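The structure appears below as structure tokens.
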Amino acid sequence: MSYQCPVCEKIWPDTMELARHVFGVGDQTHKDWVNSKGVNFIELLLIQTMEPGNKGYKTLAEILERDAKKVEES
Amino acid sequence: MKKKLVHLTVNEEYHELYISPRKLLVEILRDELDLTGTKRGCSTGSCGACTILLDGAAVKSCSVLAVQVDGAKVTTVEGLADGAGLTPLQLSFLDHGAFQCGFCTSGMLMSATAFLNEDPVSEDIKKGIQGNICRCTGYNSILRAIRAVAEGKYEDEGR
Amino acid sequence: MIHNFNYHRATTVQESLSLLEKFKEDYKIICGGQSLLILMRQGLVAPENLVDIKSVKEMSYIDYDPKKGLKIGAATTHREIEKSPEIKKNYPVLVEMEENLASVQTRNWGTIGGNLAHGDPASDPAPILIAMTATVKLANTNGERSLLLEDFFVDIFETALEEGELLIEIQVPVPLKKSAVAYEKFNIIKNHQGIVSVAASITMAEDGIGCKDARIVLGAAAATPLRAGEAEQMLIGKKIDTKLLASVGKKASEECDPVSDIHATETYRRALVKALTIKIMKKAWEQAKTSGRVGGKHT
Amino acid sequence: MKKHTYTVINTPIHNIDGIAKITGRAEYTFDITLPRMLHGKILRSPYPHGEIIHIDTSKAERLKGVKAVLTGKDTLGRKQGIWRRFKELCDEEILARDKVRYIGEPVATVAAVDEDTAEEALDLIEVEYNALPGAFEPLEAIKEGAPQLHEHAERNINVTRHIEWGDVDEGFKKADYVREDWFRCSSQAHVCMETHCAVADYTPEGKLTVYTSTQSHYYIKVLLAEILGLRENDVRVISRYTGGGFGSKFELDSAQFCCSILSMKLCQPVKIVLTREEEFSATKRRTPMFYYIRSGVKKDGAFLAKEARVFTEGGAYTAMGATALYLTGFFQSFPYVWPSYRYDGYRVYTNTAPTSAMRGFGAPQATFCAETQIDLIADELGIDPIDIRRKNAMYPGYEVPGQATIQSCGLGQCLDKIDDWIKSRGKLPPNRGIGVSAYGFMSGGIFNWFDTPYAFSSAVLQINIDGKVDLFVGSQDMGQGSNTTMAMICAEELGVKVEDIRLHMGDTETCPVDLGAWGSRETLMQGNAVKMAASKAKQQILEFATAKLAPNIVYDLDIKDGWIHLIARPERGLSFYDVVKEAIRGKDGQPIIARGHYTPHRKGMISPAYSFGVQAIEADVNPDTGKITLKNCVTAHDCGQVINPLGVEGQLEGAIAMAAGYGFTEDLPMDEGKILNPNLVDYMLLRATEMPETKVMEVETYEPEGPFGAKEAGEGLTNPTAGALGNAVFHATGISIKNLPITPEKVLNALKEKKNK
């Protein structure tokens with residue numbers, strides 16, 4: 001099972017990788033998608049940086065687990 | 001501002017120049033006499049890129065008004081060697097890779113020439129080029145080049 | 001950009017003084033110009049008239065008399081002082097100071113008089129000359145006057161020179177028996193301007209134990225080169241030991257009035273004054289005990 | 001390792017530009033004068049943040065001798081940036097139209113008959129600003145409610161970067177010892193001796209020629225064309241001698257842009273030379289970084305997990321800062337095997353002069369923090385600093401997960417050599433310490449944010465009737481000696497003498513494209529292109545030689561020192577020069593021409609090859625003043641096959657001076673965005689008197705990806721010094737300063753603090 005980026009449709013093996021991709025690209029469309037999910041993109045980044053434990057990425061990964069399109073392995 | 005007549009012997013060539021008193025010696029050398037080997041790297045007399053010999057002594061040509069040196073004898077990097085020849089110091093700079101970008105090199109050569117003319121003691125070489133900034137080499141290759149000449153390794157070379 | 005000015009070259013002291021008299025309102029004197037030209041280039045100084053005294057030959061001399069002491073013409077270059085055998089022999093600490101002053105190029109063209117008249121609290125020669133009880137001779141068209149160098153510095157970049165007045169000579173007395181002068185400048189890059197500097201002279205009593213006289217002069221630690229008077233008083237008449245020197249250093253650091261700038265905070269400058277004072281006093285003391293010579297190095 | 005024998009490679013060769021430089025004949029942009037040339041100056045913003053309400057240039061225009069006064073309104077208003085693939089990162093107009101974002105940002109430019117008149121005219125330009133509150137520190141600028149610099153950048157976040165491999169959380173769980181440290185890495189100025197300068201000459205045919213001091217004439221050509229609305233090849237950039245670059249001269253700068261628009265307006269040549277003060281306050285600089293590092297290790301010192309987070313002070317525009325953000329993250333893990341690693345970097349816009357590339361490109365900051373922390377960890381665990389590094393050192397064949405493959409790696413031998421040297425020093429006097437730092441760097445970047453469709457490096461060569469070889473390269477020699485390196489590579493491959501090579505560079509009209517001298521790319525990338533071109537030319541000559549010599553078909557021919565011969569029977573051969581004559585005749589009179597190129601394919605994310613090294617610094621710390629005095633600096637260095645020993649030595653010593661300056665004297669303190677020491681009186685560069693004794697020990701490896709086994713040898717050397725210096729202070733006094741530069745005042749304060757504890 002893989003996950004597809006809801007913005008640019010790139011495929012990733014798991015939601016953590018996908019979350020890293022979303023933060024890594026971080027352009028306006030990716031930001032907007034995150035913000036539309038009721039969390040703030042930049043707050044998630046700050047949490048990720050200021051506090052230990054990979055919290056920002058985990059939060060986003062959970063959202064992606066719920067909302068990103070799942071793709072069967074070909 | 002009244003222009004002044006200034007007499008200068010630069011690299012053994014005599015010039016009579018009619019110049020504005022606010023012109024620095026470096027500006028006259030570069031702009032009037034086309035001796036662009038002399039560089040400028042700052043405006044605070046700090047970097048030494050404009051060093052020339054003024055009556056044999058190393059002086060920063062950016063820190064001297066040209067009118068002040070009326071009648072003086074100036075040597076620039078272009079006057080170090082005749083024609084296609086090189087001085088022992090220049091040869092030593094080549095051998096030791098004592099330059100990189102080359103922008104400080106003219107000033108460095110002039111400081112080192114003055115230093116070598118003043119009967120150097122090799123431990124003082126650092127002091128001799130203390131007034132010259134080189135951002136590329138870290139100075140040690142320059143010190144080696146000057147030391148080699150000071151120690152007489154180039155006695156039979158050069159012009 | 002250097003603003004326009006009228007250029008006047010003087011070749012004698014008299015000629016210089018008449019020019020100063022004439023341009024009362026607006027002139028600057030240039031000799032080596034190693035500090036002045038920087039200010040002019042930045043547009044901070046834009047005189048109407050520039051009086052050039054570099055060619056005044058009669059102001060360029062070094063004159064030593066074992067009885068009368070040292071006289072240096074104000075237009076003497078730093079390099080001439082550094083290279084003078086007379087000075088090296090009788091005032092070696094002056095040579096040491098010169099060797100650490102700016103660059104060879106600057107010393108080749110810059111002059112002692114120009115340095116002092118600039119009035120920079122970070123001047124290299126000022127503290128050491130004050131420690132040596134130097135005086136300066138000033139002249140105008142009406143005559144001459146002498147002033148202790150320590151009274152010459154009025155405020156930051158401000159001296160006792162009046163309109164029309166020219167600094168023409170620096171005089172240093174003959175070193176006293178059983179006295180010594182030491183000097184150190186603290187900086188990160190050698191030969192840069194001092195973050196602070198300390199010059200100290202000590203004269204021992206006849207018995208060679210007590211301290212008869214002491215001078216502690218601080219550079220870059222106040223608006224002018226500063227004598228640490230209270231610290232000096234702690235020494236006079238006392239037998240010097242390392243404990244006393246420690247409290248003298250502390251006192252000097254309290255007495256000074258340094259600024260905070262990009263190179264050091266006020267606190268750090270005070271700490272440096274303390275450390276350097278202790279070190280330099282100790283050096284001067286040890287030399288004074290054993291020699292009659294002024295200076296940093298034994299010959 | 002197979003031992004290679006070379007004729008030219010690894011012999012100390014005089015710099016081929018040397019005689020021009022030591023006789024004062026080398027003509028830098030600074031020296032160029034063209035007929036009818038005017039002089040330009042740039043008016044710069046006195047405010048760190050503000051709106052431009054109105055600019056009145058009429059008084060300046062009326063000044064006698066003034067030929068033109070231009071503002072942002074006279075430009076196409078295009079935003080430019082070197083990260084061309086990403087629109088949002090092209091954020092700088094160069095001549096601001098509506099808003100200024102840092103002190104020193106250009107707002108108007110003047111051309112006049114001479115410099116003084118142009119400068120006078122600047123005073124007559126009236127600019128009305130609406131000053132805005134500024135954001136100066138990244139950690140403040142990112143906060144909610146901080147003044148925002150760019151509309152598109154919410155919370156002033158400019159670029160973010162994430163790197164991760166392995167299971168970091170698991171790694172920390174397994175660790176016996178976990179350590180967290182916070183570091184602040186300061187800024188640094190490049191201080192090229194030749195300040196940024198350019199002469200633009202636009203002619204009514206629509207062609208613009210720009211002479212300029214640059215590290216990449218190709219970039220400048222493309223960027224200028226784009227912002228000026230010209231076709232790429234209507235712009236010609238010429239740059240024969242460059243008076244230093246160090247990372248400051250491969251982006252479009254204000255001198256290049258302003259003299260170009262002035263020249264386009266006037267159809268007259270215009271020259272602009274930045275003053276030293278402008279150079280300090282209004283060109284780009286090293287990126288200040290705030291680092292948080294957490295490392296987990298085993299009792300025996302084995303590294304398990306590392307987590308790094310950084311906020312970088314971006315300044316007002318992106319510049320090359322995005323690359324620095326990536327590289328600092330990657331090199332934070334270098335040159336060690338970290339089983340798991342996680343990095344998050346944020347570049348934050350601030351109202352300060354933009355920060356960008358500078359020699360080391362983010363790695364010196366990373367290396368300082370990492371190497372300081374490693375010594376603290378070793379100290380805590382009672383492990384020797386060399387041993388802990390040896391235990392975790394990268395090795396040949398190691399793969400940085402998802403990032404890079406290390407082919408050649410002499411780090412182990414470097415550690416051994418430094419270990420021996422330290423032991424040879426015996427017991428040190430009081431207040432003296434030796435600190436070490438390991439490091440590594442890339443040999444050219446793989447990334448293509450510039451969006452070039454060309455090969456990363458190209459070379460063309462032509463062999464003439466007299467055997468002289470015209471070698472055309474796109475690489476730029478800014479002092480690092482790449483011209484000599486390229487001539488040597490060409491001579492070696494072709495089997496001729498260095499004197500036979502006539503090198504042509506620094507002109508976009510005659511030279512093929514190369515991305516320029518940055519990221520330590522020239523020796524490997526341009527070197528490979530040159531080698532390929534030489535090899536192809538050699539092939540053509542050998543075809544003729546084979547025909548002529550008619551050897552047994554199983555024999556191979558080679559050329560060495562101008563002698564074409566049978567490898568098996570070197571005495572049987574022909575003169576290269578004779579064969580060239582005949583070959584040209586045989587080619588119907590065409591000279592022998594060959595082309596070479598190089599672009600890395602499938603070489604990982606960062607670079608095709610990595611250099612390694614270890615540096616030790618011996619220093620004294622004065623306990624009364626805190627002053628540090630450098631005594632010795634010893635470096636064991638693996639740059640693959642050395643091409644020119646004279647060049648490598650120079651690069652190494654020069655790097656030490658620059659990097660030691662970064663470690664303890666150089667800084668750009670600011671007050672509300674204003675740089676407080678924009679001159680060479682207050683900005684403290686090391687001088688000859690501060691240089692320690694330097695010793696270099698080469699560890700030779702063979703890098704399969706590099707020409708003749710060579711790799712990077714210049715930029716990476718700036719990485720270790722600040723860390724080694726800090727560690728020397730640590731071992732001399734027991735205090736560890738985590739805030740660069742390590743000034744005497746900081747040392748003294750820390751000593752006091754330690755005493756009071």
Side-chain angles (χ1 to χ4, degrees), chain B residues 20 22 27 30-31 34-49 76-81 84 86-87 89-109 125-143, chain D residues 12 14-15 17-28 30-33 116 190-195 241-246 273 275-277 477-481 644-647 649-658 660 679-681 683 685-694:
Chain B
S20 159
R22 67 173 173 175
E27 293 168 336
R30 288 179 54 85
D31 303 342
D34 291 334
L35 295 168
T36 53
T38 303
K39 308 297 181 198
R40 290 180 80 172
C42 70
S43 50
T44 46
S46 314
C47 78
T76 69
V77 68
E78 291 91 345
L80 277 181
L86 296 173
T87 65
L89 183 68
Q90 287 172 318
L91 285 171
S92 187
F93 263 54
L94 271 182
D95 285 348
H96 291 87
F99 56 87
Q100 285 177 29
C101 86
F103 203 78
C104 77
T105 307
S106 305
M108 203 59 92
L109 284 164
I125 295 178
K126 283 188 174 186
K127 286 187 188 167
I129 58 161
Q130 208 274 344
N132 294 68
I133 290 174
C134 171
R135 189 56 156 169
C136 296
T137 64
Y139 308 101
N140 284 358
S141 55
I142 299 171
L143 296 170
Chain D
H14 283 175
N15 190 307
D17 298 327
I19 292 182
K21 287 178 178 179
I22 58 167
T23 54
R25 279 193 282 252
E27 191 180 46
Y28 297 79
F30 181 69
D31 303 323
I32 286 173
T33 304
D116 286 349
H190 304 82
V191 200
C192 307
M193 291 311 291
E194 182 187 32
T195 59
Y241 294 98
T242 292
F246 314 112
V273 178
T275 64
R276 180 56 65 188
E277 185 162 353
D477 195 323
M478 53 178 170
Q480 86 281 33
N644 187 1
L646 213 50
E649 185 181 52
Q651 284 289 297
L652 186 103
E653 287 174 343
I656 290 167
M658 181 174 269
N679 57 66
L680 289 172
V681 175
Y683 188 87
L685 295 175
L686 298 200
R687 293 184 181 246
T689 36
E690 279 67 45
M691 268 305 275
E693 292 291 320
T694 48

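Heavy-atom basis, side chains included; hydrogens, waters and symmetry copies ignored. Keep in mind the model is a prediction, meaning the values are calculated, not measured.
The candidate with the highest count of non-hydrogen atom pairs below 4.5 Å against chain D, out of B/Gly102, B/Gly37, B/Ala49, B/Gly97, is B/Gly102. With chain B as partner, the option from D/Met691, D/Arg25, D/Met478, D/Glu693 having the largest number of non-hydrogen pairs under 4.5 angstrom is D/Met691. Your options are D/Val273, D/Ile19, D/Asn679, and the one with the most heavy-atom pairs under 4.5 Å with chain B is D/Ile19. Comparing B/Thr105, B/Ile133, B/Leu35, B/Ile129 by how many heavy-atom pairs each has under 4.5 Å with chain D, the most go to B/Ile133. Counting heavy-atom pairs closer than 4.5 Å to chain B, the top-ranked of the candidates D/Thr33, D/Asp477, D/Leu680, D/Leu652 is D/Leu680. Ranked by heavy-atom pairs under 4.5 Å with chain B, the list D/Ala657, D/Gly650, D/Gly647, D/Pro12 is led by D/Gly650. Annotation: maximal heavy-atom pairing with chain D below 4.5 Å, among B/Asp95, B/Leu143, B/Thr76, occurs at B/Asp95.
The distance from atom OG of B/Ser46 to atom CZ of D/Arg276, rounded to the nearest 0.5 Å, is 9.5 Å. Atom CZ in D/Arg687 sits 15.5 Å away from atom NZ in B/Lys127 (nearest 0.5 Å). To the nearest 0.5 Å, atoms SG (B/Cys136) and CD (D/Gln651) are separated by 8.0 Å. Taken to the nearest 0.5 Å, the CD1 atom of D/Ile656 stands 11.5 Å off from the OG1 atom of B/Thr137. Separation of atoms CG (D/Asp31) and NZ (B/Lys39) is listed at 3.0 Å; rounding is to 0.5 Å.
The contact between D/Thr242 and chain B is made entirely by backbone atoms, counting heavy-atom distances below 4.5 Å. Neither the backbone nor the side chain of D/Tyr241 comes within less than 4.5 Å of any heavy atom of chain B. B/Thr44 touches chain D through backbone and side chain together, each having a heavy atom under 4.5 Å away. In this structure, the portions of B/Arg40 lying under 4.5 Å from any heavy atom of chain D include both its backbone and its side chain. Looking at B/Asp31, neither its backbone nor its side chain comes within 4.5 Å of chain D, counting heavy atoms on both sides.
Remark: side-chain polar atoms of D/Glu653 are not paired, donor with acceptor, to backbone N or O of B/Gly138 under 3.5 angstrom. A donor-acceptor contact shorter than 3.5 Å is absent between the side chain of B/Arg135 and the backbone of D/Met193. Between the side chain of B/Asn140 and the main chain of D/Pro692, a donor-acceptor pair closer than 3.5 Å is present. Using modelled atom types, no side-chain atom of D/Glu194 and backbone atom of B/Phe103 make a donor-acceptor pair closer than 3.5 Å.
Shown here for D/His14 and B/Leu94, the closest heavy-atom pair between the two residues is CD2-O, 3.3 Å. Of all heavy-atom pairs between D/Gly24 and B/Ser106, the closest is CA-OG, 4.1 Å. Closest approach of D/Ile22 to B/Leu109, counting heavy atoms only: O-CD1, 3.2 Å.
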Determine, step by step, whether D/Glu27 and B/Thr36 satisfy the side chain to side chain contact (heavy atoms under 4.5 Å, CB included) criterion, reporting the C-alpha distance in whole Å, the side-chain angles of both residues, the deciding distance to 0.1 Å, and the verdict. CA-CA 8 Å; D/Glu27 191 180 46; B/Thr36 53; 5.7 Å; no
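Proximity of B/Gln100 to D/Asn15: side-chain heavy atoms (C-beta onward) are nowhere separated by under 4.5 Å. In this structure the side chain of B/Phe93 never reaches within 4.5 angstrom of the side chain of D/Lys21, judged on heavy atoms.
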